[in-house]
2 protein chains.
Amino acid sequence: MPKDANFTLVQLRYFLAAAELGSMTAAAQRINVSQSAISTAVTHLERELGVQLLIRRHAKGLSLTRAGERFLHELRGFLTHADDLTEAARSLGTDLVGELAVGCFQTLAPFCLPQLLREFGRAHPAVRVQVTEGDIRTVQDALRGGTCELALLYDLGLDPDLDREVLAVAPPYALVPPEHRLAGAGAVRLADLAEDPMIVLDLPLSRDYFRSLALKAGIEPRVRHRSTSYETVRALVAAGHGFAILNQRPVHDTTYDGGRAVALRLTDPLPALPVVLARLSGVRPTGRAQAFAAVCREAMGA
Amino acid sequence: MPKDANFTLVQLRYFLAAAELGSMTAAAQRINVSQSAISTAVTHLERELGVQLLIRRHAKGLSLTRAGERFLHELRGFLTHADDLTEAARSLGTDLVGELAVGCFQTLAPFCLPQLLREFGRAHPAVRVQVTEGDIRTVQDALRGGTCELALLYDLGLDPDLDREVLAVAPPYALVPPEHRLAGAGAVRLADLAEDPMIVLDLPLSRDYFRSLALKAGIEPRVRHRSTSYETVRALVAAGHGFAILNQRPVHDTTYDGGRAVALRLTDPLPALPVVLARLSGVRPTGRAQAFAAVCREAMGA
DNA sequence: CTCCCCCATCACTTTTGCCGATGCAGGCGA
DNA sequence: TCGCCTGCATCGGCAAAAGTGATGGGGGAG
């Protein structure tokens, strides 16, 4: 019962050269190894396959047996396949074709993905980009599991085994209804909102972040509502249910249901939230990933 | 400039196992090597290809990168190809399918090939037999050059580097025209024909053989005609141009042109000519060749 | 916090591949 | 026919590679 093939690609290539040149000596010169290396390799190959491939005619070099001739024919195809495989593998790492999977934190997605995908698509039209949206944990797991290679995230409790590169910072701001007493102020301190009910964007790590901001400003927020939807939070604020702290700012004030919400700059010395491009550290980035990172840097850094 | 692929089939198989089982440890157990062997092999493969294929998650085994996933897909096809190649090669040596090239001395061919091909074809219908006919030297060169693997020959000055197996013996006989003075004798001594002109079958080694027979019988033949065609010799004899010495005996006396020739047994103590099956010694015979040899033995030995 | 799982790494051993030299056998020219 | 030359096989020695078992680190799970 012949189990699995125990020959080597090297042996196959040696045989190929010898068969094509009709001489082990010539093959040895071409490949830059000794003639004995060719000899033993071919012998091993023949023994392994159980077929005699070459006929050694002492002073007249080699000739192929019928079996050798047919094998040679198959072999060419096979070695081509081997080269193709190498080629494919290398290009998987370096070429700017194929596909690239990126992750994106869900509330960040509508703000930056359109531009990024547009510019990346223009620069590298041969690369198909597949986006995974989700909360920070989900995206982080996707990174770790290899489902995606890059991710746009807030640097909120990211595991240290992720390499991150800060692309931009998103300072927190307060969102209040237009009829709020401070709606016209332009800027407030969080303490000014201490008595107002708060609407919290309730995503795994975000909730802690917003709470910590409030605490840092010295207030204990009275949470009235929670929602996992950014737009719902805006709508609740617009409807007068309370104020919210957010980081991303839409270009207009109108909510889906026609309400309006007013953004107020915060004068507290609060840390801005870094928007980072994260990668699994220790994983060699593909060329596509590097290209995408470059586009991100240019688009968001400027 | 990526020269040529420097990975190993073994490395590929190790990677396949690890990727499929999601664990190097498991792969190691299955393949019966140590875990470290898998680890280093996969690492080398990745370095060689320049692509990261697996993500190592410390306590949770492995997961494939996107590149690894795609590579794995290609790889399966490739390893199947490798198995096919092995399979093909092995069957080239052992299977009773494919083709078999045999050589045959030209004057022997019409006497034994029909039966041999018929019986071999019945026993091994999947093997296509390709016959090369020619004089002894031609067939011998075909053997040496790998053009054919077996040959039916007279053992006439065959090189000692050929393995031969005697299948039958063909005693020489004299052929005379019907009106010859000894045509009714049934048997003669060569000396009785010493004065008759001789017709010689003029093939590279045959001519010397016929001459040596005559000399051995103590006569110096008077050669009237030479021909490279067996049937021409018969016809010349039938037409009264002289006598001939031959080994193969057709079932009837009539020549192509309607003449008749009479065969006379020779009472001289002359060596019979061995009909041999010749192979290049030191060349491993394929299964097909062995099967053909067996058919020859059975058909001609009986 | 502890245990356990899984992979990377290390030192060591075994195997393999290669080299250079030598031997052998056949073609070929003198 | 006799060397000479060519071309492959083989051998001893050596270096590179692969494999082994042990160790360690990092991270999940209870």
Side-chain angles (χ1 to χ4, degrees), chain A residues 6-15 17-19 21-48 52-65 68 137 140-141 143-146 159-162 280-283, chain B residues 6-15 17-19 21-48 52-64 137 140-141 143-146 159-162 280-283:
Chain A
N6 238 14
F7 50 78
T8 307
L9 286 174
V10 172
Q11 287 170 358
L12 294 177
R13 284 193 272 264
Y14 284 8
F15 165 73
L21 299 177
S23 153
M24 295 194 182
T25 307
Q29 284 173 242
R30 157 177 301 197
I31 308 185
N32 286 322
V33 294
S34 73
Q35 168 266 320
S36 62
I38 306 281
S39 175
T40 58
V42 171
T43 302
H44 282 164
L45 180 63
E46 286 179 321
R47 179 184 324 288
E48 187 58 38
Q52 176 136 7
L53 301 171
L54 293 174
I55 295 175
R56 285 79 163 165
R57 303 147 89 195
H58 292 155
K60 292 169 62 175
L62 302 172
S63 57
L64 286 159
T65 62
R137 283 216 231 282
Q140 207 167 295
D141 286 349
L143 271 183
R144 251 200 284 275
D159 279 0
D161 63 344
L162 296 179
L280 209 50
S281 77
V283 173
Chain B
N6 239 10
F7 50 78
T8 307
L9 286 173
V10 171
Q11 288 169 358
L12 294 177
R13 284 194 271 264
Y14 284 9
F15 165 73
L21 298 178
S23 154
M24 294 193 182
T25 309
Q29 286 175 242
R30 158 176 300 199
I31 309 186
N32 287 321
V33 294
S34 70
Q35 168 266 322
S36 63
I38 305 280
S39 175
T40 57
V42 171
T43 302
H44 281 162
L45 180 62
E46 286 178 321
R47 178 186 326 289
E48 186 59 35
Q52 177 135 6
L53 300 171
L54 292 174
I55 295 175
R56 284 80 165 164
R57 304 147 90 194
H58 293 142
K60 291 172 54 178
L62 304 171
S63 59
L64 286 160
R137 280 214 234 282
Q140 205 168 293
D141 286 350
L143 271 183
R144 250 198 287 275
D159 278 2
D161 62 346
L162 296 179
L280 210 50
S281 77
V283 173

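Sequence lines set the chain letters: A, B, ... in the order given, protein chains first and strands last, and positions in each chain run from 1. Small disclaimer: the values here were computed from a predicted structure and weren't measured.
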Chemist: Are the side chains of Leu62(A) and Ile55(A) in contact, using a 4.5 Å heavy-atom criterion?
Modeler: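 Of all side-chain heavy-atom pairs linking Leu62(A) with Ile55(A), none is under 4.5 Å.
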Chemist: Mind listing the residues from residues 33-47 of chain B sitting with a heavy atom below 4.0 Å of DNA chain C? Number order is fine.
Modeler: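 Here the set is Gln35(B), Ser36(B), Ser39(B).
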Chemist: Is it true that a side-chain atom of Thr43(B) and a backbone atom of Ser39(B) form a donor plus acceptor pair closer than 3.5 Å?
Modeler: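 Yes; judged by distance alone, with no hydrogens or angles, the pair exists.
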Chemist: Hey, is the side chain of Arg57(A) poking within less than 4.0 Å of OP1 or OP2 on dG27(C), counting only N and O atoms?
Modeler: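 For dG27(C), neither OP1 nor OP2 has a side-chain N or O of Arg57(A) closer than 4.0 Å.
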Chemist: How long is the gap from CG on Leu143(B) to OG on Ser281(B), to the nearest 0.5 Å?
Modeler: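 Atom-to-atom, Leu143(B):CG and Ser281(B):OG are 11.0 Å apart.
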Chemist: Start at the 5' end of DNA chain C and walk down; is the nucleotide closest to Val10(A) or to Arg144(B) reached first?
Modeler: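 The residue mapped nearer the 5' terminus is Val10(A).
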Chemist: Report yes if the side chains of Leu45(A) and Tyr14(A) come closer than 4.5 Å at any heavy-atom pair, otherwise no.
Modeler: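 No, too far: nothing below the 4.5 Å cut-off.
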Chemist: Here's a test of your reading of the structure: between Gln11(B) and Lys60(B), which maps to the more 5' nucleotide of DNA chain D?
Modeler: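 Upstream on the strand: Gln11(B).
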Chemist: Among dG19(D), dA8(C), dG27(D), find the nucleotide with the atom closest to the side chain of Arg56(B).
Modeler: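 Of dG19(D), dA8(C), dG27(D), dA8(C) is nearest to the side chain of Arg56(B).
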Chemist: Under the 3.5 angstrom rule, does the side chain of Gln11(B) hit a backbone N or O of His44(B) as a donor-acceptor pair?
Modeler: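 A pair under 3.5 Å: no.
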Chemist: Okay, side chain of Arg56(A), backbone of Leu54(A): is any donor-acceptor separation there less than 3.5 Å?
Modeler: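 Yes, Arg56(A) side chain to Leu54(A) backbone: donor-acceptor pair under 3.5 Å.
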Chemist: Look only at the side chain of Thr40(A) and the backbone of Ser36(A), and say whether a donor-acceptor pair between them is shorter than 3.5 Å.
Modeler: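 Answer holds: yes.
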Chemist: For DNA chain D, which residues of residues 23-32 of chain A approach it to below 4.0 angstrom with any heavy atom?
Modeler: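 Residues of residues 23-32 of chain A under 4.0 Å from DNA chain D: Ser23(A), Met24(A), Thr25(A).
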Chemist: Check for a donor-acceptor pair, side chain of Gln29(A) on one end and backbone N or O of Ile31(A) on the other, with a separation under 3.5 Å.
Modeler: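 No, Gln29(A) side chain to Ile31(A) backbone: no donor-acceptor pair under 3.5 Å.
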